[in-house]
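Reading through the structure tokens given below for one structure.
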Amino acid sequence: MPVTLEEAHELIARAHRRAGELGSHVTVAIVDEGGHLQALGRMDGAPPLSAQLATGKAASVALIRRDGAALREMQQAWPALFGQLDQVAGRPILAGAGSLLIRRADTVLGAIAVSGGQPQHDDECAEAGLRGLA
């Protein structure tokens with residue numbers, strides 16, 4: 001069963017709480033397993049472009065089925081292939097911090113991505129968002 005809308009909002013709330021503790025202002029995007037936006041939460045003061053970046057990072061992770069760190073490694077190892085993924089996917093593929101797959105057991109349900117903070121803060125906020133997901 002995919003992440004429910006209620007669960008998506010809980011993921012966003014947990015990520016926002018962590019961002020507040022870190023003094024960051026971020027946007028959190030939740031997408032389904034096909035990379036389609038399910039929920040978006042932009043904190044007051046988050047950079048304007050953070051909404052598009054979070055959505056793009058989450059969709060990339062969901063479509064390729066690799067967390068952001070693995071996408072960055074892929075981008076470095078195979079830049080020519082990575083450069084063509086945009087065309088194949090029909091949307092920009094972004095490899096960035098703060099983007100993680102959402103899983104239940106071994107099933108990919110979608111992805112969460114955070115944008116707007118320092119890279120390590122984006123990672124921490126995404127991880128905090130996933131904590132507590134049954």
Side-chain angles (χ1 to χ4, degrees):
M1 176 176 196
V3 172
T4 66
L5 183 58
E6 182 180 334
E7 288 172 322
H9 287 289
E10 290 170 7
L11 292 168
I12 291 169
R14 284 194 294 271
H16 281 174
R17 273 194 298 277
R18 182 64 184 140
E21 293 166 359
L22 295 168
S24 291
H25 302 279
V26 301
T27 297
V28 182
I30 308 296
V31 299
D32 67 13
E33 69 279 0
H36 304 285
L37 185 63
Q38 187 172 11
L40 182 76
R42 183 172 172 261
M43 294 174 75
D44 293 342
L49 190 57
S50 64
Q52 291 89 334
L53 290 172
T55 302
K57 290 191 300 186
S60 299
V61 165
L63 290 172
I64 299 178
R65 299 290 199 266
R66 290 187 170 96
D67 290 331
L71 283 181
R72 285 190 305 275
E73 290 173 12
M74 185 178 169
Q75 184 179 34
Q76 292 170 351
W78 302 298
L81 170 67
F82 199 89
Q84 295 177 346
L85 288 176
D86 290 4
Q87 294 174 13
V88 174
R91 62 172 63 186
I93 299 297
L94 301 175
S99 48
L100 300 170
L101 287 169
I102 300 171
R103 293 186 166 125
R104 192 169 278 136
D106 290 331
T107 304
V108 173
L109 306 179
I112 181 174
V114 179
S115 184
Q118 298 296 319
Q120 67 273 17
H121 290 175
D122 287 354
D123 283 335
E124 284 187 48
C125 293
E127 291 165 6
L130 288 180
R131 274 188 227 114
L133 183 65

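Any value given below was found using the heavy atoms of this structure, including those in side chains, with hydrogens, waters and symmetry copies removed.
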Leu101 reachable from Leu130 in the ILVMFWY side-chain graph, under 4.5 Å edges: no
Atom of Pro119, atom of Ala97 and distance for their closest heavy-atom approach: O-CB, 3.5 Å
Minimum side-chain heavy-atom gap Ile30-His9 below 4.5 Å: no
Hydrophobic cluster identity match, Leu53 and Val26, side-chain contacts under 4.5 Å: no
Heavy-atom side-chain contact between Val31 and Gln38 under 4.5 Å: no
Heavy-atom donor-acceptor pair, Arg91 side chain to Asp86 backbone, under 3.5 Å: no
Flag side-chain contact, heavy atom, 4.5 Å: Glu7 against Leu109: no
Check: Ser24 main-chain N/O paired with His121 side-chain donor or acceptor under 3.5 Å: no
Linked, directly or transitively: Trp78 and Ile93 (ILVMFWY side chains, under 4.5 Å): yes
Inter-residue atom distance Ser50.OG - Leu40.CG, 0.5 Å rounding: 8.0 Å
Heavy-atom pair with the smallest gap, counting every atom of Ser115 and Asp122: CA-OD2, 3.5 Å
Inter-residue atom distance Gln118.CD - Cys125.SG, 0.5 Å rounding: 11.5 Å
Minimum heavy-atom distance between His16 and Arg42, given as atom pair plus value: CE1-N, 4.2 Å
Contact summary for Arg104 and Leu133, nearest pair of heavy atoms: NH2-CD1, 3.9 Å
Rounded distance [0.5 Å steps], CZ in Phe82 versus CZ in Arg72: 10.0 Å
Leu81-Leu94 co-clustered via ILVMFWY side chain contacts under 4.5 Å: no
Atom of Arg18, atom of Ala128 and distance for their closest heavy-atom approach: CB-CB, 3.6 Å
Short side-chain to backbone donor-acceptor contact, Asp67 and Ala69, under 3.5 Å: no
Exercise: identify the closest heavy-atom pair between Val3 and Ala8: CG1-N, 3.6 Å
4.5 Å side-chain heavy-atom contact, Val61 and Leu71: yes
Single-linkage hydrophobic cluster Ile64~Val108, side-chain heavy atoms < 4.5 angstrom: yes
Any Leu11 side-chain heavy atom under 4.5 Å of Val28 side chain: no
